[in-house]
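In what follows, every chain begins at residue 1, and chains take the letters A, B, ... in the order their sequences are listed.
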Protein chains: 2
Amino acid sequence: MIKDITKAKKSIYEGAPLLVAVDCIVFGFDKERLKLLLFKRKVAPFMDEWSLIGSFVKVDENVSEAAHRILHESTGISGIFLSELGSFSNPSRDPGGRVLSIAHYALMRLEEQDLQAVANFQAQWFDVEAIPDLVLDHNEMVAQSLARLKVNAHSHPIGFELLSEKFTIPQLQLLYEAIFQQKLDRRNFRKKIKAMGFLEKLDEKDKSSSKKGAYLYRFNKEEYEKLMKEGLNFVI
Amino acid sequence: MIKDITKAKKSIYEGAPLLVAVDCIVFGFDKERLKLLLFKRKVAPFMDEWSLIGSFVKVDENVSEAAHRILHESTGISGIFLSELGSFSNPSRDPGGRVLSIAHYALMRLEEQDLQAVANFQAQWFDVEAIPDLVLDHNEMVAQSLARLKVNAHSHPIGFELLSEKFTIPQLQLLYEAIFQQKLDRRNFRKKIKAMGFLEKLDEKDKSSSKKGAYLYRFNKEEYEKLMKEGLNFVI
DNA sequence: CCAAAAGTGTTATCGCTACACCCATGA
DNA sequence: TCATGGGTGTAGCGATAACACTTTTGG
């Protein structure tokens with residue numbers, strides 16, 4: 001029995017009639033724009049073309065574990081929010097063999113160090129408005145992820161996964177504007193978010209984008225979960 | 001190379017390190033209650049226990065095609081609405097081997113004949129309030145499908161997939177009450193549905209549940225799609 | 001004639017949207 | 001002092017929720 005199908009020698013596809021892979025669509029937010037993590041494919045076919053992060057599922061892990069492992073091995077990233085998008089299973093999607101991929105999308109806050117760190121793995125952050133041609137059906141995966149992100153952002157506080165621990169309300173608004181690709185009214189946005197009751201105002205200000213400075217806030221996850229149980233409807 | 005992994009002789013699991021299956025969570029509505037289609041498993045392990053409809057994906061089909069094929073082969077049902085729920089991939093989920101399953105949920109209208117027809121395949125419709133213990137992780141699949149159904153029913157007209165072509169407004173309301181598991185106000189429900197503008201009132205009445213009789217309606221799919229493009233928000 | 005389900009309108013409340021002005025500060 | 005982004009309140013409107021009575025007809 002083949003223990004680790006990703007370690008077959010001659011071809012990455014050898015040894016099984018139908019292989020299962022995971023691809024990760026990783027979004028990051030750099031305080032201004034929504035970014036997508038891509039890297040240069042290291043195996044044939046399509047070597048050196050831009051690709052999502054992906055590899056094969058091992059026999060002793062579930063697909064979520066595989067996604068986290070693959071992401072970590074390929075980029076050094078770990079411990080982020082990952083959610084299953086769905087399967088991509090067209091028999092001819094990969095000319096190299098019969099590979100079914102279960103796409104996962106991920107969200108993370110982009111700190112300065114992240115921009116550097118992934119470069120060591122030949123990975124790169126692209127603005128979602130300017131994504132290059134990708135291998136296989138990866139552009140389709142990205143498109144579906146963006147659509148899903150938009151839908152989910154309306155009813156889940158996923159936005160907070162994309163910001164650093166402390167953030168300002170204008171930053172939060174910029175993020176939601178990037179996700180929804182539309183301008184929002186400052187006063188109404190602020191009102192709505194504050195009314196939800198799970199933002200903690202801090203005494204610090206962030207002056208990186210204005211002279212006056214904007215107050216920093218923190219997302220109180222415990223409070224959020226408590227409120228959700230009581231029937232808060234989170235709608236932006 | 002194994003052409004059809006479901007036809008291996010000694011064991012259904014023979015021949016591949018990680019097999020990919022599809023399971024179908026099929027919901028039907030019989031004018032009163034929400035039902036789930038189950039059948040008696042025909043292969044070891046767990047032969048003769050209640051199970052969802054499922055089998056393996058073939059190398060020359062995508063998972064959606066597989067779901068439709070398997071459903072047809074196991075129950076005679078074809079041409080219904082199917083949507084991917086997600087993967088179930090715990091390495092120990094199936095004691096017989098390493099099988100990853102991609103669950104799909106399906107919706108269909110239950111006519112009298114359907115209740116009979118599936119019996120020929122040793123399948124049976126169960127009330128969703130009274131589902132027996134199922135093999136493997138199938139109870140979990142059902143629970144997740146019900147949750148998904150609830151969410152989706154709010155923003156997609158999936159309810160109409162579960163009714164016969166002609167239906168009355170009280171029937172439609174019963175269906176939504178079954179999905180959401182809560183009572184709805186008759187007047188408001190009627191108002192909301194009618195305001196959407198894609199219901200066609202017919203001149204017939206259905207007297208099966210009252211002496212007065214209720215007018216039959218038809219769902220106008222073309223009109224619905226036109227309205228959606230114009231930005232109708234379907235919210236129940 | 002009565003039981004049982006179908007059908008219908010109005011009012012009060014809430015939430016959303018639109019919108020304009022002052023504040024703080026670094027350059 | 002002024003340009004730049006941060007912060008705040010209110011009024012009007014539309015949607016939702018609550019609510020009770022009349023109609024039909026088979027038994």
Side-chain angles (χ1 to χ4, degrees), chain A residues 30-33 153-155 163-164 166-178 180-218 227-228 230-236, chain B residues 30-33 153-155 163-164 166-178 180-218 227-228 230-236:
Chain A
D30 69 352
K31 300 199 171 164
E32 199 173 336
R33 304 185 72 81
H154 273 292
S155 50
L163 292 168
S164 43
K166 301 174 184 178
F167 52 85
T168 68
I169 300 218
Q171 277 166 15
L172 185 64
Q173 182 172 348
L174 275 172
L175 167 59
Y176 275 101
E177 288 176 343
F180 298 139
Q181 294 172 299
Q182 61 169 308
K183 277 287 188 190
L184 302 172
D185 181 272
R186 283 215 317 284
R187 286 158 290 195
N188 295 336
F189 181 81
R190 195 176 274 272
K191 213 185 309 169
K192 221 174 206 172
I193 291 286
K194 285 189 149 183
M196 306 237 177
F198 48 69
L199 281 197
E200 274 174 26
K201 187 173 183 173
L202 305 177
D203 268 338
E204 295 170 77
K205 279 193 166 190
D206 170 72
K207 295 201 170 185
S208 63
S209 70
S210 78
K211 291 156 185 169
K212 183 178 177 182
Y215 279 105
L216 286 164
Y217 288 78
R218 192 180 2 225
L227 289 168
M228 281 306 274
E230 291 168 6
L232 166 75
N233 58 332
F234 177 88
V235 175
I236 288 180
Chain B
D30 70 352
K31 301 200 170 164
E32 200 174 334
R33 304 184 72 81
H154 273 292
S155 51
L163 291 168
S164 43
K166 299 173 185 179
F167 53 86
T168 68
I169 301 219
Q171 278 166 15
L172 185 64
Q173 183 174 347
L174 275 172
L175 167 59
Y176 275 101
E177 288 176 344
F180 297 139
Q181 295 173 295
Q182 63 170 305
K183 277 287 189 191
L184 302 171
D185 181 90
R186 283 215 315 286
R187 288 158 289 195
N188 294 336
F189 181 81
R190 195 175 274 271
K191 213 184 308 170
K192 221 175 207 173
I193 292 285
K194 285 188 147 180
M196 307 238 177
F198 47 69
L199 281 197
E200 275 175 25
K201 187 175 184 174
L202 305 176
D203 269 338
E204 293 170 78
K205 278 193 166 189
D206 170 71
K207 294 202 169 184
S208 64
S209 71
S210 78
K211 291 158 185 167
K212 182 177 177 181
Y215 279 104
L216 286 164
Y217 288 78
R218 193 183 356 228
L227 289 168
M228 281 306 274
E230 291 166 6
L232 165 75
N233 59 332
F234 177 88
V235 175
I236 288 181

Report the distance from atom [atom1] of [X] to atom [atom2] of [N], rounded to the nearest whole Å.
X      : N      : atom1 : atom2 : result
B:I193 : C:dG7  : CD1   : C1'   : 16 Å
B:K192 : C:dT8  : NZ    : P     : 18 Å
A:Y215 : C:dT25 : OH    : C1'   : 13 Å
B:D206 : C:dA4  : CG    : P     : 19 Å
A:F189 : C:dA18 : CZ    : C1'   : 17 Å
A:D185 : C:dT17 : CG    : P     : 9 Å
A:L174 : D:dG5  : CG    : P     : 11 Å
A:N188 : D:dA11 : CG    : P     : 15 Å

Residue list, salt bridge (charged side-chain N to carboxylate O under 4.0 Å, His left out) with B:R33, at least two apart or on another chain: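 Salt bridge (charged side-chain N to carboxylate O under 4.0 Å, His left out) list for B:R33, sorted by chain: B:D127.
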If the condition is salt bridge (charged side-chain N to carboxylate O under 4.0 Å, His left out), which residues does B:E32 pass it with, not counting sequence neighbours? none
The answer to which of A:R186 and A:K212 contacts DNA chain C further toward the 5' end, by nearest nucleotide, is A:R186
For A:K191 and A:G213, find the nucleotide of DNA chain C closest to each by heavy atoms; which residue's nucleotide sits nearer the 5' end?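 Its nearest nucleotide being more 5', the pick is A:K191.
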Distance check, rounded to the nearest 0.5 Å: A:L175 atom CG versus A:D30 atom CG?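 Rounded to the nearest 0.5 Å, the CG-CG separation comes out at 10.5 Å.
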If you look at every heavy atom in [X] and [Y], which pair is closest and at what distance?
X      : Y      : answer
A:G213 : A:S210 : N-OG, 2.9 Å
B:M196 : B:K192 : CG-O, 3.1 Å
A:L202 : A:Y215 : O-CD2, 3.6 Å

Starting the side chain at C-beta, find the nucleotide from [options] nearest to [X].
X      : options               : result
A:A214 : D:dG6, C:dA27, D:dT16 : D:dG6
B:K211 : D:dG26, D:dG6, C:dA5  : D:dG26
B:S210 : C:dA6, D:dG26, D:dG6  : C:dA6

For DNA chain C, what is the dot-bracket line, given that a base pair needs Watson-Crick (N1 to N3, plus N6-O4 or O6-N4) or G-U wobble (N1-O2 and O6-N3) geometry with both distances under 3.5 Å, and | means paired with another strand? |||||||||||||||||||||||||||
Checking all strands, does B:K205 fall into the base, sugar-phosphate, or nothing category for heavy-atom contacts under 4.0 angstrom? nothing
Could you check whether A:T168 gets within reach of a base, just the sugar-phosphate, or nothing at all, counting any heavy atom under 4.0 Å? nothing
Here's a test for you: under side chain to side chain donor-acceptor pair (under 3.5 Å), which of B:E204, B:E200, B:Q171 qualifies with B:K166? B:E204
Heavy-atom donor-acceptor pair, B:R187 side-chain to C:dA6 base, under 3.5 Å: no
For the backbone of A:R190 and the side chain of A:Q173, can you confirm whether one donor and one acceptor N or O come within less than 3.5 Å of each other?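 Not a single qualifying donor-acceptor pair exists.
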Please determine whether a side-chain nitrogen or oxygen atom of B:K194 lies at a distance below 4.0 Å from atom OP1 or OP2 of C:dT8. yes
On DNA chain D, nearest-nucleotide positions of B:K207 versus A:K201: which is more 5'?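 First, find each residue's nearest nucleotide; the 5'-ward one identifies A:K201.
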